[in-house]
Amino acid sequence: MLDAKILRERPSEVLSIYRERLFDDAAAELAQAALALDDKRRNLLQAADELKNKRNSASQLIGREKDAEKRAALIKDMESVKSEIAGYDAQLAETETELDKLLLQLPNLPDPEVPTGKSDSENKVVREEGKQFSFTFTPKPHWEIGESLGIIDFERGVKISGSRFYILKGAGAQLQRALISWMIDVHLDQGYTEVYPPFMVKELCLYGTAQLPKFGENLYRDAEEDFYFVPTAEVPVTNLYRDEILENDQLPLRHVAYTACFRREKMAAGRDTRGMKRGHQFDKVEMVQFVRPEDSKQALRTLLSDAEEILKQLELPYRVIQMCTGDLSFAACEKYDLEVFSPGVNEWLEVSSCSNFGDFQARRAQIRYRPGKDKKDKPRLVHTLNGSGLALPRTVIAILENYQQADGSVRVPTVLRPYLRGREFIK
RNA sequence: GGAGGAGUGGCCGAGUGGACGAAGGCAGCGGUCUUGAAAACCGCAGCGCGAAAGCGCCGGGGGUUCGAAUCCCUCCUCCUCCGCCA
């Protein structure tokens with residue numbers, strides 16, 4: 001959530017960032033409306049507080065007054081104050097509800113260093129790493145490899161669950177499971193602490209990480225209870241410390257979690273339906289960090305390199321993309337994607353997204369820390385970051401397509417062999 | 001799912017309508033003492049909004065009252081017993 005104080009103190013700056021950097025006139029208008037409501041709220045609050053002060057001191061007098069008649073008179077005097085307060089409180093509650101509704105819809109402000117651009121076409125390729133595989137034959141797409149090896153069953157996936165579902169079988173299922181274990185182990189060595197969170201969370205959590213209120217159409221939810229299926233481990237893991245004040249020496253907190261992720265992908269009907277690039281359910285290993293504000297820029301670089309380490313060790317060719325302002329996600333102030341090249345589908349596949357959210361999520365979820373022991377060291381909001389390390393299906397695609405052999409088998413990347421009982425080929 | 005009990009500050013815990021933002025203890029911070037530390041003693045000390053005065057916050061929400069941690073309603077969570085279950 002955007003800090004109402006920043007909006008109040010530097011309104012023209014915020015508006016021009018929304019208009020000229022994010023190209024989001026709607027956000028600028030919401031911000032202007034929020035500004036007016038914030039002013040209204042402050043006026044109401046002051047009026048209500050003055051009356052409450054009056055009531056509080058009168059109530060004390062009444063408590064001390066022994067004379068029944070005087071007492072009755074004082075009480076009678078306060079009756080009108082009571083209803084006045086109720087009136088202000090009602091208006092105040094209404095104004096605050098409206099204001100919150102607006103603030104929750106305002107996107108984060110980009111870091112000053114993020115290049116301005118309108119769409120993904122203006123994203124910047126920061127660098128390319130790794131060597132592309134060369135083939136003496138035309139590389140096949142993973143759906144052909146998977147079907148001929150009997151390790152991916154698309155038809156039965158569709159039969160039991162519908163479009164955008166598939167079954168991993170035999171070595172396919174084992175490969176994915178091996179990848180999950182191995183990825184987590186790599187991140188443990190990088191200093192992360194593993195957590196296994198719920199895959200279903202309360203609605204409040206989705207507000208904390210900012211999937212709600214704006215992006216509800218991509219979420220699955222229980223029809224009769226307050227449960228949402230997580231679209232990413234970011235949601236349960238970030239909310240771990242919701243409404244908490246952490247001690248300074250607990251930071252930075254770095255977690256790695258495996259979860260299944262559930263997304264409706266409603267808008268993309270027909271697109272990416274072939275193969276396992278975009279399913280309604282997919283596995284992901286996710287890193288989440290909670291850091292001091294002054295450390296978050298550096299933490300993003302570390303997070304990115306922690307994710308890259310996976311692709312390096314798998315010896316897959318990839319590139320690092322910096323999102324321009326227009327392609328930044330709603331909550332992020334800075335974001336990098338990792339894309340792995342996959343020769344069968346002949347495209348760069350997004351396997352990781354690493355973002356710094358600044359205090360945007362922390363403000364929504366009220367995740368704070370105490371900078372020092374002194375009483376003047378008031379609790380401050382932490383900065384949160386997360387990055388995939390990595391998304392499983394697309395990593396499996398890249399392995400199958402890059403490591404495919406002329407004879408139709410797939411070579412197992414060296415680092416994975418211990419996790420696949422020493423096996424060198426899938427055939 | 002049924003029956004009963006309970007939710008108070010970082011933690012434990014007192015408080016059943018009036019000076020309670022909340023006794024006491026532990027933990028924390030500052031000081032005295034000490035070569036240093038511990039102990040002992042003294043003091044400070046919750047969170048939010050606000051420039052401040054002040055206002056709000058005793059699981060969440062609502063109500064009664066001049067006044068609610070305290071009374072009422074409702075929801076949530078935890079504990080005990082029973083039922084069911086991987």
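A note on names: the letters A, B, ... follow the listed sequences, proteins ahead of strands, and every chain is numbered from 1. All values derive from a computational prediction rather than experimental measurement.
Note: A:Tyr258 and A:Phe199 have perpendicular aromatic rings, judged against thresholds of 30 and 60 degrees for the angle between ring planes.
Ranking B:C66, B:C47, B:A19 by closeness to the A:Glu79 side chain, first place goes to B:C66.
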Nucleotide N/O of nucleotides 56-59 of chain B paired with protein N/O under 3.5 Å:
residue: B:G56; atom: OP1; partner: A:Arg55; partner atom: NH2; Å: 3.2
residue: B:G56; atom: OP2; partner: A:Asn56; partner atom: ND2; Å: 3.2

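Of the nucleotides present, B:C49 is the one that pairs with B:G54 by Watson-Crick or G-U wobble criteria, both distances under 3.5 Å. Partner assigned to B:U35 is none, using Watson-Crick or G-U wobble distances below 3.5 angstrom.
Here A:Arg41 does not reach the OP1 or OP2 of B:G50: none of its side-chain N or O atoms lies under 4.0 Å away. Within the structure, every side-chain polar atom (N or O) of A:Lys54 is placed at least 4.0 Å from both OP1 and OP2 of B:G54. Phosphate contact (OP1/OP2 of B:U65, side-chain N/O of A:Lys82, threshold under 4.0 Å): present. Dashed line: the shortest gap from a side-chain N or O of A:Asn53 to OP1 or OP2 of B:C55 is under 4.0 Å.
What separates CG of A:Leu74 from P of B:C66 is a distance of 13 Å, to the nearest Å. Between A:Arg8 atom CZ and B:C49 atom C1' the separation is 9 Å, expressed in whole Å. Rounded to an integer number of Å, the gap from CD of A:Glu96 to P of B:G50 is 12 Å. In this structure, the OH atom of A:Tyr369 is 18 Å from the P atom of B:G10, given to the nearest Å.
Salt bridge A:Arg8/A:Asp38: present, at least one basic N to carboxylate O contact under 4.0 Å. Using a cutoff of 4.0 Å between basic side-chain nitrogens and carboxylate oxygens, A:Asp77 and A:Lys54 are not scored as salt-bridged.
At a cut-off of 3.5 Å, with distance as the only test, no side-chain donor of A:Gln250 or A:Tyr369 sits close to an acceptor on the other residue.
Under 3.5 Å, the side chain of A:Arg71 and the base of B:G18 form at least one donor-acceptor pair of N or O atoms.
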